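Fair warning: this is a prediction, and the values are worked out from it, not measured in the lab. Numbering of ligands and ligand atoms starts at 1, following listing order.
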Amino acid sequence: MSDLFNKCREYQDAKRVQAAGIYPYFRPIESTLGSSVVTHGKRRVMIGSNNYLGLTHHPQVQAAAKAAIDQFGTGCTGSRFLNGNLVLHEELEKELARFLKKEACLVFSTGFLSNQGALSTLVGRNDVIYSDRENHASIIEGTQVALGDTVKFRHNDMSDLERVLNHTREKYEGAVIVADGVFSMSGDIFDFEKAATLSKKYDCKLYVDDAHALGVLGPQGQGTEFYFGSAAKADLIVGTFSKSFASIGGFVAGEAEVLHYIKHKCRPFIFSAAMPPAAAATVLECLRIVQQEPQHLENLWKNARKMKQGLTELGYNTLKSQTPIIPLLLGDDLAAFSFTQRLYEEGVFATPVVRPAVPEGCALIRTSYMASHQDQDLDYVLNVFEKLGKEFGIIGNVGRQTELAALAHVHFGA
Ligand SMILES: Cc1ncc(COP(=O)(O)O)c(C=O)c1O
């Protein structure tokens, strides 16, 4: 026998980083001004947020949230199944299904619960999940809670997906291929059309997590399917409102019968309180805005292109990013922590990505850009990256850049 808490008392990793003065997590934000924040009394340009369209500070969105509080109060105080189902949730489901051109939609309290809930409800003992190795933690959680097996395939590699389908598909009854539409760390786009062909060939359902694609890809931000604009369709789209849609909450969209089943069987849906009124009203307003005000999506992509070009020209390795998520490959964890700290001191708020989220020796700074970033802020950020790139021996160091390119190739297929 041993004390259950021993591992907590022995855990030193975070304390060592704190003692070194380079701990980058849980920085308390005193106020946010859209694309910048105030922390420790100083304004810093935010390049670590998922607020892609900048809608958290849109006056109509804020007004809608306030009006919902006046009408419904601050919380639902219960699950939608029982006492917490608002007309706002149902209106949101109808509007979102229409926007995504799906039969139906079910709104959850978070995106994490949507993935965990949908996968664990649908995938039974004799079924299988084919999961991209870079999928988000909430998908991994879903695969672990689901009773069926999970078979992983190499990140965004359709020949590896076909290899594993070929070897294993016959052993199982139902099957689903699951991937992020836009990968949250490397910012590349799922090879959706090839995956759709494979899903038909091997009789699998296709499930796409559009957390980072909603509001970002497609003519109005409808997501991955619309970006490809082809006849291929996903059987299920999962997403979150915690990014472009400026709030909190998640959803699953697809066939009405499937959502009816999830609605009555899914524990994370039934036994967790509903998305609060202000959140539902926020998302409804965001949905209207993305359809009526295309300038946000245009600005987002203008800013993303400027930063991808600027960072690449400086000599950073940005993997295969094709979206407003632009990772910078740095190497070891310590370098990523120190780099993030120096960015912070220079007035730039970004976050590092270290083991186990990336392979050992492949730490990144994950940067992401917003519609509301102004050119002067982005130019400032590029100047800081130029200064720090020299300080950390990346810019002007061909040897180091070659090493990083080799790492990117081996571990990220870039
Ligand atoms: C790809 C992906 N899926 C799901 C989620 C979970 O969303 P939420 O923040 O709504 O729980 C995230 C959030 O980081 C994500 O990046």
Side-chain angles (χ1 to χ4, degrees), residues 25-26 46 48-53 55-56 80 89 92 96 100 105-120 129 131-146 152 155-156 176-190 192 195 206-217 221 223-225 227 234 236-253 266 268-269 272-276 278-280 282-283 286-287 321-327 350-353 356-358 364 366-370:
Y25 305 119
F26 299 103
M46 170 56 87
S49 167
N50 301 305
N51 186 9
Y52 300 114
L53 297 174
L55 296 183
T56 52
R80 293 188 57 200
H89 296 126
L92 175 54
L96 194 56
L100 300 174
C105 175
L106 185 65
V107 165
F108 282 66
S109 315
T110 69
F112 193 102
L113 290 180
S114 312
N115 273 325
Q116 191 213 44
L119 289 169
S120 59
I129 302 168
S131 181
D132 186 288
R133 280 199 183 278
E134 243 189 63
N135 276 343
H136 186 258
S138 52
I139 294 179
I140 298 172
E141 186 75 16
T143 64
Q144 288 173 352
V145 184
K152 293 191 178 167
H155 172 53
N156 218 359
V176 59
I177 298 169
V178 183
D180 293 3
V182 169
F183 289 92
S184 56
M185 294 299 148
S186 39
D188 53 341
I189 299 171
F190 182 46
F192 174 73
L206 182 58
Y207 174 128
V208 176
D209 176 350
D210 260 353
H212 297 273
L214 187 70
V216 174
L217 295 187
T224 307
E225 274 185 354
Y227 169 81
L236 286 173
I237 302 284
V238 171
T240 174
F241 306 132
S242 66
K243 306 190 194 299
S244 291
F245 281 9
S247 187
I248 189 161
F251 70 89
V252 183
C266 174
F269 176 76
S272 189
M275 197 186 165
T282 294
V283 179
C286 287
L287 253 179
S321 164
Q322 298 161 273
T323 64
I325 301 172
I326 308 182
T351 45
V353 184
V358 284
L364 313 168
R366 178 190 184 274
T367 73
S368 52
Y369 299 94
M370 300 164 57

Side chain of Asn135, backbone of Asp180: donor and acceptor closer than 3.5 Å? yes
Considering the heavy atoms of Gly249, write down every atom of ligand 1 situated less than 4.0 Å from one of them. 10 (O)
Please confirm whether His212 comes within less than 3.5 Å of ligand 1 when only nitrogen or oxygen atoms on both sides are compared. yes
Under 3.5 Å, is there a donor-acceptor pair between the side chain of Ser368 and the main chain of Asn50? no
Below 4.0 Å from ligand 1: does a non-hydrogen atom of Ser114 turn up there or not? no
Name the closest protein heavy atom to atom 13 (C) of ligand 1, giving the residue it belongs to and the distance to 0.1 Å. Lys243 NZ, 2.8 Å
For Asp210 and Tyr227, what are the C-alpha separation, side-chain angles and deciding distance, and is it a side-chain hydrogen bond (donor to acceptor under 3.5 Å, both in side chains)? CA-CA 11 Å; Asp210 260 353; Tyr227 169 81; over 6 Å; no
Return the CZ to CD1 distance between Arg366 and Ile325, rounded to the nearest 0.5 Å. 4.5 Å
If you define the side chain from C-beta out and look only at heavy atoms, does anything of Phe190 sit under 4.5 Å from Asn156? yes
Check: Gly111 N/O within less than 3.5 Å of ligand 1 N/O: yes
Is it the side chain (CB and beyond), the backbone, both or neither of Asn115 that lies under 4.0 Å from ligand 1, heavy atoms counted? side chain
With a 4.0 Å heavy-atom cut-off (strictly under), which part of Thr110 contacts ligand 1: side chain, backbone, both or neither? both
Using a 3.5 Å cut-off on N or O atoms only, is Phe112 in polar contact with ligand 1? yes
Just to confirm my output: which protein heavy-atom neighbour is closest to atom 5 (C) of ligand 1, and how far is it? His136 CE1, 3.4 Å
Please report the shortest heavy-atom distance between Phe112 and Ala137, naming the atom on each side. CE1-C, 4.3 Å
When you measure from atom 3 (N) of ligand 1 to every protein heavy atom, which one gives the shortest distance, and what is it? Asp209 OD2, 2.6 Å
min-distance protein heavy atom vs atom 4 (C) of ligand 1 -> Ser138 OG, 3.3 Å
Which atoms of ligand 1 sit under 4.0 Å from any heavy atom of Ala211? 1 (C), 2 (C), 3 (N), 15 (C)
Separation of Phe108 CZ from Cys266 SG (nearest 0.5 Å): 4.0 Å
Applying a strict 4.0 Å limit to heavy atoms, is Gly250 in contact with ligand 1? no
What protein heavy atom sits nearest atom 9 (O) of ligand 1, and how far off is it? Ser242 OG, 3.0 Å
Find the distance between OG (Ser131) and NE2 (His136) and round it off to the nearest 0.5 Å. 12.5 Å
Counting C-beta onward and ignoring hydrogens, is there a side-chain heavy-atom pair between Thr323 and Tyr52 closer than 4.5 Å? no
Hey, does Leu96 have a side-chain heavy atom less than 4.5 Å from the side chain of Leu287? yes
Is there a polar contact between ligand 1 and Asp180, counting only N or O atoms under 3.5 Å apart? no
